[in-house]
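Below: the structure, in C-alpha cells.
Counting begins at 1 with the first residue of the sequence.
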Amino acid sequence: MSANLEAKKLVVEEIKEKFSKAKTLAFVDYRGLTVAEDTALRKKFRESGCEYKVYKNRLMLKALSDLGIECPANFLEGTTAVAIGYNDEVAPAKIVCNCVKETKKMVIKFGILNGARVDAKNIEALATLPSKEELIAKLLGTLNNPASSLCRVLSAPTRGLVVALNAIATK
C-alpha cells in the first residue's frame, strides 16, 4: 500500500475516535474568515473545552459512514470545519452561532447531536439553551426554595414574639 493511503487511514481513525467521543458536532463553512478571526475562534473553543478542526471532506464522510451516521455527500462540499464538543452539548453550538452573528461570514451546514444528524436550525436552537452550569444552578435554586420557605414559616412565630417583647420593653 502507498504511504499516502496509510496516512489517510490514520486520519480517518483519528476522526472516528474524536467523533465517537463527542456529544455535539457542528459542521460549518468557514469561507471568508481571516486568520485573526480564525485564531480568535480557535481560542474560544479551547477555553470552553471544545475542538475546532479542518479535515478533508472525503475523510470526514468516510469516518461518518464507518460510525453509521448517514450524511449525504453534498453536505460536505466546499470549505468545511467541524466544532467538536466533548463535555458540554451546548458550548460548540453557542460559539459557532456567536461567530456567525459577529463575522457574518460563517455558515452552519449541519450538526450531529448524540449520534443523530440534525440540521442547522437545530444547532441554532441548541445555542439558545442555557449552559449546563446555568441549568444546574436553576435546579438547585428550585430545590432550595421550599426549604428556605419552610425555615421562614417556622421561624415567624418566634420572630413575632421577639418583636412584641422588644416593643413592650421599649415602652
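- Y30 pairs in a side chain to side chain contact (heavy atoms under 4.5 Å, CB included) with only one of the listed residues (D38, T80, V54, L41), which is V54.
- Here L10 contributes atom CG and L5 contributes atom CG; the two are 10.0 Å apart, rounded to the nearest 0.5 Å.
- One finds the OG atom of S20 at 11.5 Å from the CG atom of D66 (value rounded to the nearest 0.5 Å).
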Can you give each donor-acceptor pair under 3.5 Å made by side-chain atoms of residues 87-94, sequence neighbours left out, with the distance rounded to 0.1 Å?
residue : atom : partner : partner atom : Å
D88     : OD1  : V90     : N            : 3.2
K94     : NZ   : L129    : O            : 3.0

Inset, instruction - Test salt bridge (Lys or Arg N to Asp or Glu O under 4.0 Å) on E102 and K44 and set out the steps. - result: CA-CA 14 Å; E102 290 171 6; K44 288 178 188 175; 3.5 Å; yes

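- The side-chain heavy atoms of F45 and V96, taken from C-beta on, include a pair separated by under 4.5 Å.
- Cluster membership check: V107 does not share its hydrophobic cluster with L25, using side-chain heavy-atom separations under 4.5 Å among Ile, Leu, Val, Met, Phe, Trp and Tyr.
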Inset, instruction - Under the salt bridge (Lys or Arg N to Asp or Glu O under 4.0 Å) rule, what do E13 and K9 come out as? Steps first, then yes or no, please. - result: CA-CA 6 Å; E13 288 303 317; K9 284 184 179 181; over 6 Å; no

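- Neither Y86 nor I95 shares a network with the other; the hydrophobic side chains, linked directly or stepwise wherever heavy atoms of I, L, V, M, F, W or Y lie under 4.5 Å apart, form separate groups for each.
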Inset, instruction - Just do the side chain to side chain contact (heavy atoms under 4.5 Å, CB included) check on L59 and I15 with the steps written out, would you? - result: CA-CA 8 Å; L59 299 180; I15 295 169; 4.0 Å; yes

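- Salt bridge E37/K105: present, at least one basic N to carboxylate O contact under 4.0 Å.
- The only member of L113, I112, I84 that meets side chain to side chain contact (heavy atoms under 4.5 Å, CB included) when paired with T24 is L113.
- When atom types are taken as modelled, the side chain of T39 and the backbone of V35 share a donor-acceptor pair closer than 3.5 angstrom.
- In this structure, CZ in R42 is found 9.5 Å from CD in E51, a value given to the nearest 0.5 Å.
- In this structure, L67 and K16 approach most closely via the heavy-atom pair CD1-O, 3.9 Å.
- Note: E47 CD to K43 NZ = 5.0 Å, rounded to the nearest 0.5 Å.
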Donor-acceptor pairs are to be reported for all side-chain atoms of residues 115-127 against protein atoms at under 3.5 Å, with residues two or more places apart or in another chain.
residue : atom : partner : partner atom : Å
R117    : NE   : E70     : O            : 2.8
D119    : OD1  : N122    : N            : 3.2
D119    : OD1  : N122    : ND2          : 3.3

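- Of the residues Y52, F75, F110, the one that meets the ring-ring contact (aromatic ring centres under 6.0 Å, His included) test with F27 is F110.
- With respect to the salt-bridge test (charged N to carboxylate O, under 4.0 angstrom), the residues E14 and K18 qualify.
- Using a 4.5 Å heavy-atom cutoff, the side chains of M60 and V82 are in contact.
- Both V100 and V28 are assigned to one and the same hydrophobic cluster, defined by single-linkage of ILVMFWY side chains at heavy-atom distances under 4.5 Å.
- Rounding to the nearest 0.5 angstrom, the gap separating the CG atom in L143 from the CD1 atom in I136 is 11.5 Å.
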